[in-house]
*Asks:* 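Please read through the structure below; I'll follow up with questions.
Just so you know, these numbers use all the heavy atoms, side chains as well, and skip hydrogens, waters and symmetry mates. In this text the structure is predicted, and so the values were computed from the model without any measurement.
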Amino acid sequence: MASGGLTQAAMLLVAAQLLCLGAADADQETGTVIPAESRPCVDCHAFEFMQRALQDLKKTAFNLDARTETLVLRAERRALCNCMPGGSLR
């Protein structure tokens, strides 16, 4: 008999939870919409962040390009200096 009472209590708890979840879903569906004018401009902040990140990437790419060009020129100079007798290019 005690197990029958526990089963009924468990079923009652499950039913109550289902009712609560259903009510919460209904509240979310019929909730009020906050107008865009009163919300913080998350998109603006994200856009500014992405602009700064893009500028940083451009700066890094330029630095890498300049560094690569310097290294290539140095390697070409070494190759030429190794070919020329007496280091006449210096």
Side-chain angles (χ1 to χ4, degrees):
M1 283 264 214
S3 66
L6 289 175
T7 305
Q8 286 179 350
M11 293 300 280
L12 184 61
L13 283 173
V14 169
Q17 287 177 344
L18 289 175
L19 286 174
C20 290
L21 288 176
D25 288 342
D27 287 343
Q28 288 177 356
E29 291 174 4
T30 60
T32 59
V33 176
I34 300 171
E37 296 82 23
S38 63
R39 288 188 304 229
C41 186
V42 175
D43 290 338
C44 295
H45 294 303
F47 181 74
E48 290 171 0
F49 174 79
M50 292 303 291
Q51 272 188 323
R52 285 193 302 272
L54 183 60
Q55 288 172 353
D56 290 345
L57 284 173
K58 284 180 181 178
K59 189 184 299 183
T60 302
F62 178 77
N63 289 339
L64 286 172
D65 188 43
R67 180 76 176 141
T68 302
E69 187 174 343
T70 303
L71 291 173
V72 167
L73 290 174
R74 190 180 298 165
E76 288 176 352
R77 182 175 177 209
R78 281 185 186 159
L80 286 173
C81 288
N82 289 338
C83 292
M84 302 296 279
S88 61
L89 291 177
R90 289 184 190 189

*Asks:* If you link I, L, V, M, F, W and Y whenever their side-chain heavy atoms are under 4.5 Å apart, who else ends up in the same group as Met50?
*Replies:* Phe49
*Asks:* Could you state the interatomic distance from CG (Leu57) to CD (Gln55), rounded to the nearest 0.5 Å?
*Replies:* 10.5 Å
*Asks:* Which atom pairs, one a donor and one an acceptor, fall under 3.5 Å between side chains of residues 59-70 and the rest of the protein, sequence neighbours left out?
*Replies:*
{"unit_1": "Thr60", "atom_1": "OG1", "unit_2": "Asp56", "atom_2": "O", "d": "2.9"}
{"unit_1": "Asn63", "atom_1": "ND2", "unit_2": "Lys59", "atom_2": "O", "d": "3.4"}
{"unit_1": "Thr68", "atom_1": "OG1", "unit_2": "Leu64", "atom_2": "O", "d": "2.7"}
{"unit_1": "Thr70", "atom_1": "OG1", "unit_2": "Ala66", "atom_2": "O", "d": "2.9"}

